[in-house]
Amino acid sequence: MPKLTIDGIEIEVEPGLTVLQACEQAGIEIPRFCFHERLSIAGNCRMCLVHMERAPKPIASCAMPVGEGMVISTDTPEVRKMRKGVMEFLLINHPLDCPICDQGGECDLQDQAMGYGGDRSRYQENKRAVKDKDLGPLIKTIMTRCIHCTRCIRFATEIAGVQEMGATGRGENMEVGTYVEKALTSELSGNMIDLCPVGALTSKPYAFTARSWELVKTESIDVLDAVGSNIRVDTRGAEVMRILPRLHEDVNEEWISDKTRFACDGLKRQRLDQPYVKRDGKLSPATWDEAFAAIAERLKGVDGKKVAALAGDLADCEAMMALKDLMAAIGSPHIDCRQDGAKLDPAARAGYLFNTTIAGIEHADACLLIGTNPRLEAPVLNARLRKRFLMGKFPIAAVGPHQDLTYDYDHLGDGVEILKSIANGRHDFAKVLKSAGKAMLILGQGALARRDGAEILGLAREIAESRGMINDKIGWNGFNVLHTAAARVGGMDLGFVPGNGGRDTEAIVAGAGDGAIDVLYLLGADEIDMAGLGEAFVIYQGHHGDAGAHRADVILPGAAYTEKNATYVNTEGRVQRTRLAAFPPGEAREDWTIIRALSAVLGHTLAFDDARMLRARMVGANSAFIKVDGITPATWKPFGRNGETGTSALTSPINNFYMTDPISRASETMARCSDVRLGAKKDKTGTDG
C-alpha cells in the first residue's frame with residue numbers, strides 16, 4: 001500500500017485511489033464539480049487542482065493515481081490562487097440566477113464560490129446564452145447555467161445505460177443535451193438532477209414550489225416497487241413536496257427510480273379522507289362509528305368461512321398482522337397477500353426471496369432471467385445488473401420478453417420448454433451456468449402469476465440445484481425471486497396466506513362471484529377483478545379512490561406510506577421501516593389502528609394496544625422481524641411442484657412502468673410520462689406497444 005504525505009501528514013492508502021480520494025481519507029476537503037465516486041473520471045472542471053512536489057505544474061487530484069512517496073500540498077497560496085482563478089473562469093458566463101434558481105441553497109457552485117472564489121470578476125464581456133433543451137416532463141433545463149462537468153452524460157451512459165446525452169461543439173460553443181431533441185427514455189433519469197452541481201438540470205414538477213430551507217426532512221423508504229430504496233421525504237406542512245434518494249450501499253446505493261421520485265404528487269390527489277357507507281346503491285360520507293356499525297351489522301350471523309381478506313401491494317406488515325389475527329378470530333382461513341395470483345410457496349422462505357441479495361449481484365459470474373423485465377420491474381436493481389455487466393465476464397441470458405435491458409444478453413426465447421432443457425443440461429447456456437462459480441437466476445412474477453406458476457417455480461428450483469447455484473460451502477445461493485409488490489415478502493413472512501382449507505386469491509374472487517364468500521375485506525387490494533365479486537359485501541381499506549374503493553360497500557380511509565411508521569420487507573428479505581413525514585388527510589388513520597378499533601366493535605378485540613406490542617406479535621410470527629435493516633438468510637428446502645407446464649409465452653407483468661399502483665395512477669406527473677413514453681413507442685412501432 002503506497003504511503004504519501006498530504007499537508008505534512010503521512011498516510012497509507014489503498015492502491016488505485018486518486019489523490020483526491022486520499023485527501024478525503026486524510027480528512028481534507030478538496031473542491032470538485034466533475035468528479036463523482038460512481039462515475040468515470042473526466043478531469044475537466046479543474047477545481048480540484050493541488051500542488052505536487054517536483055511536478056512542473058498543478059495536478060488535477062481527481063485524475064492522478066496515488067504513488068509511493070508523493071508529497072501533496074492542498075492549501076498553499078498558489079493552490080488558493082489557482083482555485084480562485086478556476087472559479088472566476090466558471091463564472092464568466094454563469095447567469096446571476098440564484099434568487100430564482102431551484103438549486104439555490106443546495107448548490108455546489110454557490111457553496112464553492114463562497115469558499116474558494118473571489119469577490120469580483122475581471123471580465124466585462126456579455127455573458128453567452130444557450131438554448132434550453134427539452135428532456136421530457138421530468139427534468140427542467142436552463143442550459144446557460146451549465147458548466148460542462150459532464151456528470152449527466154456519464155450517468156446516462158454508464159449507470160442508466162441509455163446513450164442519449166452528449167456534448168456538441170467545442171470550447172465556448174460546447175452544449176450538453178440530447179443529440180436528437182426528445183424525452184429521455186431512462187427510468188432513472190431523475191438522478192441527473194441530484195448529480196448536477198449547478199442549476200442546469202432541476203426538477204420540472206417541483207419548479208418554483210419551495211426552498212430547501214422551508215422543508216422538513218424525514219428519512220424513510222420507498223414502497224412503489226419491492227426494492228425498498230432508501231429515500232428522504234421533504235414536506236412543508238401536510239404536503240409532500242419532493243422525494244430524494246438516501247445513501248444505502250446494499251440496496252439502492254444513491255439512486256432511485258423516476259416513479260419513486262416523481263409520483264409523490266399522487267399523494268394529494270384522489271385521496272380517501274373520510275369513511276363512506278353505501279346507501280341506496282350510492283356511497284355516502286359517514287362517521288367512523290357508522291362505518292364500523294355497518295360492517296358489524298353485515299357480519300352478524302355470517303359464518304367465518306364465508307369471510308375473506310386480501311392484502312394489496314402497498315400494505316404494511318403491521319396492518320397485515322392485525323388483519324390476519326382478526327380473520328383468525330372470526331374463523332376465516334381465506335386470506336392471501338398474492339393478489340396477482342403468484343404461485344409462491346409460503347412453506348419455503350428461500351423459494352420467495354432474492355437470496356443472492358441486491359449487493360450480492362456484484363459477486364455473481366452468470367445470470368439467467370426468467371419471465372422478468374427488471375428494467376421496468378426494479379430499475380435500481382437493473383442498474384446493479386448493468387454495473388456487474390460492465391465489470392466484465394458476466395454472461396446473461398433471458399427466457400421471456402425480448403426488451404432493451406441496457407446491457408447485452410442472449411435472448412433464448414420465451415417458451416417454458418427452454419427452462420426444461422436448461423434444467424436437464426441439454427441447452428448450451430446450461431453449460432455456462434454449470435461452469436460458473438457463482439451463477440444466479442432471477443425469477444419474475446410474470447412466470448409465477450400463471451396457472452402453471454407452481455410448476456415453473458419447481459423448474460427454476462431444479463435449474464438452481466442442477467446448475468450449481470446452491471453452494472453452502474462458499475455461502476452462495478443463486479436462486480432469486482424478483483417481486484414487484486412492496487408488501488409481498490412481508491405478507492409471506494407473516495403467513496398472510498390461506499390456512500387449512502383456505503382459498504387463495506383466485507378462489508376468493510370466484511367464491512365472491514358465486515356466493516361462497518359473503519364478505520370480502522380488501523386491505524388496499526386494487527389489482528383484482530372487481531367485476532367478478534358478484535353480490536359480496538366489500539370492505540375497502542386504503543388511501544386512494546382506486547378500483548377497490550369504486551366497488552366497496554364500506555370505505556375505511558387509511559394512511560399512505562409517507563404518513564405512518566410502518567414495516568416493509570423488500571425483495572431480498574430486508575426488514576425496513578417508513579417514517580411518518582406528514583399526517584394522513586382528514587379522518588384517515590394509520591391502517592393497523594383501524595383494524596384494532598374494528599376488532600373491538602366486532603367483539604374480537606385484538607391483543608395489542610400499541611405499535612410496540614404489535615411488532616412483538618410480528619416477531620412471534622417470524623423471528624426475521626427482529627433485525628431491522630438486516631437480512632435473515634433462509635434455509636434451502638424443496639418448493640414448487642412437478643407437473644406439466646403450459647405453452648404460452650413468458651411475459652413481464654408490467655407494461656406501463658409509470659402506472660402500477662394507486663399512488664402512481666393518481667399522479668399527474670406519471671400520467672404525462674406515460675403519455676410521452678407510450679406515445680413515442682406507438683409512433684415508433686405503429687401500435688400501442
Side-chain angles (χ1 to χ4, degrees), residues 226 338 340-358 360-361 364-372 374 377 396-400 412-427 429-484 488-489 492-493 497 504 571-573 624 631-646 648 650 653:
R338 302 162 295 184
D340 59 358
K343 305 301 188 293
L344 296 163
D345 189 345
R349 191 167 187 260
Y352 60 81
L353 289 186
F354 201 96
N355 295 283
T356 300
T357 72
I358 297 171
I361 291 172
D365 48 19
C367 181
L368 175 65
L369 305 175
I370 304 173
T372 181
E377 296 169 30
I396 306 173
V399 180
L412 307 182
D414 56 14
V416 181
E417 67 277 358
I418 298 169
L419 299 179
K420 296 177 182 176
S421 63
I422 294 175
N424 59 34
R426 288 200 296 266
H427 197 283
F429 198 72
K431 301 177 180 65
V432 175
L433 294 173
K434 188 68 174 177
S435 62
K438 291 183 176 180
M440 63 180 287
L441 66 81
I442 299 178
L443 181 61
Q445 301 304 298
L448 293 168
R450 300 165 34 124
R451 291 203 174 274
D452 59 354
E455 286 76 18
I456 293 176
L457 181 63
L459 264 177
R461 175 183 57 80
E462 190 179 336
I463 291 172
E465 292 174 343
S466 64
R467 300 301 100 197
M469 295 182 186
I470 314 301
N471 191 334
D472 292 334
K473 291 181 180 178
I474 59 173
W476 180 258
N477 187 334
F479 180 88
N480 303 296
V481 174
L482 178 56
H483 292 277
T484 55
R488 188 63 49 80
V489 175
M492 299 290 287
D493 281 349
V497 291
D504 62 9
T571 192
E572 60 182 349
I631 298 174
T632 303
T635 304
W636 187 260
K637 57 183 179 180
F639 54 85
R641 191 167 60 203
N642 295 324
E644 288 300 315
T645 57
S648 58
L650 293 169

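Contacts classified as side chain to side chain donor-acceptor pair (under 3.5 Å) and involving residues 631-640 (residues at least two apart or in different chains) are given here: E465-W636. Residue pairs meeting the side chain to side chain donor-acceptor pair (under 3.5 Å) criterion with at least one member in residues 347-357, sequence neighbours excluded: R349-D493, Y352-D493, T356-N480.
Atom NE2 in H427 sits 12.0 Å away from atom CZ in R467 (nearest 0.5 Å). With rounding to the nearest 0.5 Å, the separation of CD1 in I422 from CZ in F429 is 7.0 Å. Summarising the geometry, atom CD1 belonging to I463 is positioned 8.0 Å from atom CG belonging to L433; distances are rounded to the nearest 0.5 Å.
Using a 4.5 Å heavy-atom threshold, the side chains of C367 and L369 count as touching. Between R450 and L650, some side-chain heavy-atom pair lies under the 4.5 Å cut-off.
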In sequence, state the C-alpha distance, the side-chain angles, and the governing distance for R338 and L448, and then conclude on side-chain contact (heavy atoms from CB on, under 4.5 Å).
CA-CA 11 Å; R338 302 162 295 184; L448 293 168; over 6 Å; no

What verdict does the side-chain contact (heavy atoms from CB on, under 4.5 Å) test give for T645 and L419, after you've listed the backbone C-alpha separation in whole Å, the side-chain angles of each residue and the deciding distance to 0.1 Å?
CA-CA 11 Å; T645 57; L419 299 179; over 6 Å; no

Checking L457 against K343 for the side-chain contact (heavy atoms from CB on, under 4.5 Å) test, could you report, in this order, the C-alpha distance in whole Å, the side-chain angles of both residues, the deciding distance, and whether it holds?
CA-CA 8 Å; L457 181 63; K343 305 301 188 293; 5.8 Å; no

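G351 approaches F479 most closely through the heavy-atom pair O-CE2, 3.8 Å. Looking at every heavy atom in both residues, A350 comes nearest to F639 through C-CE2, 4.4 Å. Closest of all the heavy-atom pairs between I370 and A460 is CD1-CB, 4.4 Å. When every heavy atom of P638 is checked against every heavy atom of A348, the shortest pair comes out as O-CB, 4.0 Å.
Partner of V399 under the side-chain contact (heavy atoms from CB on, under 4.5 Å) criterion, out of L412, D414, V416: L412 alone. Just one of T484, T372, T571 meets the side chain to side chain donor-acceptor pair (under 3.5 Å) condition when paired with E377; it is T372. Among I361, V489, V481, I631, the one residue that satisfies the side-chain contact (heavy atoms from CB on, under 4.5 Å) test with F354 is I361.
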Could you list the donor-acceptor pairs under 3.5 angstrom formed between side-chain atoms of residues 435-446 and any protein atom two or more places apart in sequence or on another chain?
unit_1	atom_1	unit_2	atom_2	d
S435	OG	K431	O	3.1
S435	OG	V432	O	3.0
Q445	NE2	L482	O	3.2

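Between the side chain of D452 and the backbone N or O of G646, at least one donor-acceptor pair lies under 3.5 Å. With R488 contributing its side chain and A226 its backbone, the two residues share no donor-acceptor pair below 3.5 Å. K434 contributes a side-chain N or O that, together with a main-chain N or O of S466, makes up a donor-acceptor pair within less than 3.5 Å.
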